Amino acid sequence: MASTLKVRGIDHIVFHVKNLARSKRFYVDFLGMEVDHERRRQCFLKCGRQGLALFEIDAPVRAGREVNHLALRLRAGKRAEVAAALRDAGIEFSGRSGDPDCIYFRDPDGHRLQLLLPRE
């Protein structure tokens with residue numbers, strides 16, 4: 001299946017955590033990561049060019065057995081172009097409320113992937 005989409009790197013991986021403040025202290029104070037940005041119940045950390053996002057959840061955390069999604073930053077493209085490429089490939093996708101640049105879909109084995117549009 002050919003496509004015009006070109007991933008330029010892994011933007012971030014998401015870990016579900018029970019206590020966001022505790023996890024943030026561990027990754028920042030102990031491991032030396034830097035806070036890139038934060039939202040309600042989310043903290044995005046940077047380590048070099050890669051990122052780790054901590055999402056606080058109420059459900060039990062299945063540590064070591066589950067990664068919520070793999071986020072991939074695209075080299076180029078607008079949302080309409082990316083959506084068209086996914087549709088043309090027969091891939092179902094969705095967005096995220098309040099974030100028009102998020103595009104989620106699943107790989108052939110059911111792993112959840114996110115495509116992020118290029119930063120301006």
Side-chain angles (χ1 to χ4, degrees):
M1 151 183 2
S3 170
T4 60
L5 302 178
K6 300 292 180 215
V7 172
R8 68 172 239 225
I10 295 172
D11 188 82
H12 66 273
I13 295 175
V14 173
F15 284 168
H16 285 164
V17 300
K18 236 7 210 171
N19 182 310
L20 183 60
R22 178 187 65 198
S23 295
K24 179 181 167 184
R25 280 192 308 273
F26 175 80
Y27 284 98
V28 172
D29 297 344
F30 182 68
L31 293 178
M33 291 186 183
E34 297 175 3
V35 175
D36 186 58
H37 64 281
E38 297 180 78
R39 296 184 185 148
R40 184 181 168 275
R41 299 183 70 173
Q42 299 176 353
C43 181
F44 289 79
L45 305 170
K46 283 293 183 191
C47 47
R49 291 184 173 183
Q50 289 76 43
L52 173 65
L54 306 173
F55 286 17
E56 187 175 68
I57 62 169
D58 295 324
V61 173
R62 296 172 27 199
R65 293 186 217 130
E66 182 256 331
V67 172
N68 180 265
H69 68 272
L70 176 61
L72 303 168
R73 178 75 59 187
L74 291 172
R75 288 185 188 272
K78 303 278 187 218
R79 189 178 199 296
E81 298 164 345
V82 173
L86 292 169
R87 263 193 299 280
D88 290 348
I91 297 172
E92 292 182 32
F93 62 94
S94 65
R96 181 170 65 203
S97 177
D99 193 346
D101 294 336
C102 283
I103 301 169
Y104 291 100
F105 63 102
R106 298 209 177 260
D107 75 5
D109 293 301
H111 299 106
R112 190 170 173 218
L113 302 175
Q114 177 187 19
L115 293 178
L116 297 167
L117 301 176
R119 289 185 174 138
E120 304 267 326

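In what follows, residues are counted from 1 in the order of the sequence shown. As the structure is a prediction and not an experimental result, all values here were calculated from the model.
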List for me each residue that meets side chain to side chain contact (heavy atoms under 4.5 Å, CB included) alongside [X], sequence neighbours excluded, and say none if there are none.
X    : value
R87  : A83, F93
V35  : K24, V28, E38, C43, L45
L113 : L70, F105, D107
R40  : none

In Å and rounded to the nearest 0.5 Å, what is the [atom1] to [atom2] distance from [X] to [Y]?
X   : Y    : atom1 : atom2 : result
K18 : I57  : NZ    : CD1   : 6.5 Å
I91 : S3   : CD1   : OG    : 8.0 Å
L5  : I103 : CG    : CD1   : 8.5 Å

Who passes ring-ring contact (aromatic ring centres under 6.0 Å, His included) against H69, sequence neighbours left out?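 For H69 the ring-ring contact (aromatic ring centres under 6.0 Å, His included) partners, ignoring immediate neighbours, are H12, Y104.
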
Can you list the residues that meet the ring-ring contact (aromatic ring centres under 6.0 Å, His included) rule with F26, with sequence neighbours excluded?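 If we apply the ring-ring contact (aromatic ring centres under 6.0 Å, His included) test to F26, skipping adjacent residues, the hits are F30.
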
Other than L116, what residues sit in its cluster of Ile, Leu, Val, Met, Phe, Trp and Tyr side chains whose heavy atoms are under 4.5 Å apart, directly or through others?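 L116 clusters with nothing; isolated.
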
Share the residues that join V14 in a hydrophobic cluster, the rule being Ile, Leu, Val, Met, Phe, Trp or Tyr side chains under 4.5 Å apart at the heavy-atom level.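 Members besides V14, by chain and number: F44, F55.
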
Partner residues of R112 under the side chain to side chain donor-acceptor pair (under 3.5 Å) criterion, sequence neighbours left out: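 Partners of R112 under the side chain to side chain donor-acceptor pair (under 3.5 Å) test: N68.
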
For Q42, all residues meeting side chain to side chain donor-acceptor pair (under 3.5 Å), sequence neighbours excluded: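 Q42 satisfies side chain to side chain donor-acceptor pair (under 3.5 Å) with no other residue.
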
Restricting to salt bridge (charged side-chain N to carboxylate O under 4.0 Å, His left out), what partner residues turn up for E34, sequence neighbours left out?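 E34 satisfies salt bridge (charged side-chain N to carboxylate O under 4.0 Å, His left out) with no residue once adjacent residues are dropped.
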
Salt bridge (charged side-chain N to carboxylate O under 4.0 Å, His left out) with D58: which residues, sequence neighbours excluded?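 Only R41 meet the salt bridge (charged side-chain N to carboxylate O under 4.0 Å, His left out) criterion with D58.
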
Restricting to non-hydrogen atoms, name the atom on [X] and the atom on [Y] that form the minimum distance, rounded to 0.1 Å.
X   : Y    : result
E56 : L20  : OE2-N, 2.8 Å
G77 : P118 : O-CD, 3.4 Å
V17 : L54  : CG1-CD2, 4.1 Å
R79 : C102 : NH2-O, 3.7 Å

Against D11, only a single residue in R49, Q114, R73, Q50 fulfils side-chain contact (heavy atoms from CB on, under 4.5 Å); can you say which?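 The side-chain contact (heavy atoms from CB on, under 4.5 Å) with D11 is passed solely by R73 among R49, Q114, R73, Q50.
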
CZ (R8) with more than 12 external heavy atoms under 6.0 Å: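 Not buried by this count: 12 neighbours or fewer within 6.0 Å.
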
